[in-house]
Amino acid sequence: MPELPEVETIRRSLEPLVKGAKITEIKVNTPVTQPQATLFCEQLTKKEILQIARRGKYLIFYLDDALVLVVHLRMTGQLVYYPKTAPPSKHTHVIFVFENGAELHFTDTRRFGRMWLVPKTETFGIPGLDTLGPEPIDEGFDKKIIADKLARHKKMKIKIFILDQTIIAGLGNIYADEVLFASGIHPERRCEDISQKELAALCCAMQNILKEAITHRGTSFRDYVDGNRAKGEHQDFLKVYQRRDQPCLTCGKPIKCIKVGGRSSFYCPHCQK
DNA sequence: CCGTTCCTGGAT
DNA sequence: ATCCAGGAACGG
């Protein structure tokens, strides 16, 4: 489940490989594109990749000719670069072939991932991308940016709040649990009960943990790999996620798992109030 | 604002 | 054979 650190790691691994690369051919095996395959391929052929950016969990490929390719990997999506032509796997949905013979494969077992080809304008015309909240690892991200939103969602559980991409961009289930543990906040606390001090701690934990996870090249729990198919290391540093019944690394009491908003939520009942 | 849906592979 | 994993869109 690529979240901000994983998507950023993919961006960093891919950009040096495809910057300046010219697309000579696109193969679409599954309808995961917008517009549909024929138009998608037609518009993308002969375009050059100028740079790759990221917003939240979205990858944004800037192309010449004022076109933008946006990719969301959702749960199991992968974007892998092959220096030479490579055989597609069972779940390879889109292949970009470059002038130098290299290929970029989009594979996604669960087919939740999506690609959009849009003109370069101020907004992308992609609802989830246009409404994204602030980047938690940007300079100047702090509690002032989200304090008003916290006040406007009094009854919302704090975990649901930080998972909401319109409030903060990039957190998913793994990092939401890790961030709440680091700030000593129970995932079911209501926004109205979060103090200013706790909000500051939460923002601080977000920046620290997401940056640390990027340093570790992301969390490879099952499917995630970067643009070179390399796994990350951050799974070795997780303190609560997937650690049900294991001792809390702070107090030694067993980690609990409950459902919050239908999502499994790991936390320490002693350290998180 | 909550629950359901999409989708497949792995666990039970 | 059935359940579960979860990001985001959608319906009530």
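No experiment lies behind these values; they were computed from the predicted model shown. Here is the naming used below: chain letters follow the sequence lines, and residue numbers restart at 1 for every chain.
For the contact set between residues 67-80 of chain A and DNA chain C, defined by any heavy atom under 4.0 Å, the members are A:H72, A:R74, A:M75.
In this structure, A:V225 shares a hydrophobic cluster with A:V80, A:Y82, the cluster being traced through Ile, Leu, Val, Met, Phe, Trp and Tyr side chains under 4.5 angstrom apart.
Rounding to the nearest 0.5 angstrom, the gap separating the CZ atom in A:F40 from the CE atom in A:M115 is 5.5 Å. Separating the CG atom in A:L210 from the CD1 atom in A:I168 is a distance of 9.5 Å, to the nearest 0.5 Å.
One finds a salt bridge joining A:K159 and A:D177 here, because a Lys/Arg side-chain nitrogen approaches an Asp/Glu carboxylate oxygen to under 4.0 Å.
Across all strands, A:F266 comes closer than 4.0 Å to no nucleic acid atom at all (heavy-atom distances). Nucleic acid contact for A:G262: none, since no nucleic acid atom lies under 4.0 Å from a heavy atom of the residue.
Remark: P of C:dC4 and CZ of A:R263 are 13 Å apart, rounded to the nearest angstrom. Atom P of nucleotide C:dC4 and atom CZ of A:F221 are separated by 17 Å, given to the nearest angstrom. If you take CG of A:D223 and P of B:dC7, they are 17 Å apart, rounded to a whole angstrom. Atom CZ of A:R222 is separated from atom C1' of C:dG7 by 14 Å (rounded to the nearest Å). Taking atom CE of residue A:M1 and atom P of nucleotide C:dC4, one finds them 16 Å apart after rounding to whole Å. Atom CD1 in A:I174 sits roughly 12 Å away from atom C1' in C:dG7 (whole-Å rounding). Atom CG of A:L171 and atom P of C:dG7 are 10 Å apart (whole Å). Between A:L132 atom CG and C:dG7 atom P there is a gap of 14 Å when expressed in whole angstrom units.
Remark: A:T215 pairs with no residue by the side-chain contact (heavy atoms from CB on, under 4.5 Å) rule, at least two apart or across chains. For A:Y224, there are no side-chain hydrogen bond (donor to acceptor under 3.5 Å, both in side chains) partners at least two apart in sequence or on another chain.
The phosphate of C:dA8 (OP1 or OP2) has a side-chain N or O of A:Q165 nearer than 4.0 angstrom. The phosphate of B:dC1 (OP1 or OP2) has no side-chain N or O of A:K157 nearer than 4.0 angstrom.
Applying the salt bridge (charged side-chain N to carboxylate O under 4.0 Å, His left out) test to every pair with at least one member in residues 73-91 of chain A, sequence neighbours left out, gives no pairs at all. Within the structure, no pair that satisfies the salt bridge (charged side-chain N to carboxylate O under 4.0 Å, His left out) test touches residues 229-256 of chain A, not counting sequence neighbours. Screening residues 20-37 of chain A for side-chain hydrogen bond (donor to acceptor under 3.5 Å, both in side chains), with sequence neighbours left out, gives A:T30-A:H93.
Listed candidates were B:dC1, C:dA5, C:dA8. Nearest to the side chain of A:K259 is C:dA5.
Residues A:I126 and A:Q242 each lie close to DNA chain C; by heavy-atom proximity, the contact nearer the 5' end of the strand is made by A:Q242. The residue among A:I160 and A:R114 whose nearest nucleotide of DNA chain B is located toward the 5' end is A:I160. Residue-to-nucleotide proximity on DNA chain C shows that, of A:C257 and A:Y58, the 5′-proximal contact is made by A:C257.
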Please list, for nucleotides 9-12 of chain B, all pairs of protein and nucleotide N/O atoms separated by less than 3.5 Å.
unit_1, atom_1, unit_2, atom_2, d
B:dG9, OP1, A:K90, NZ, 3.2
B:dG9, OP1, A:H91, NE2, 2.9

Got a list of side-chain donor-acceptor pairs under 3.5 Å for residues 117-128 of chain A, not counting sequence neighbours?
unit_1, atom_1, unit_2, atom_2, d
A:T121, OG1, A:T123, O, 2.6

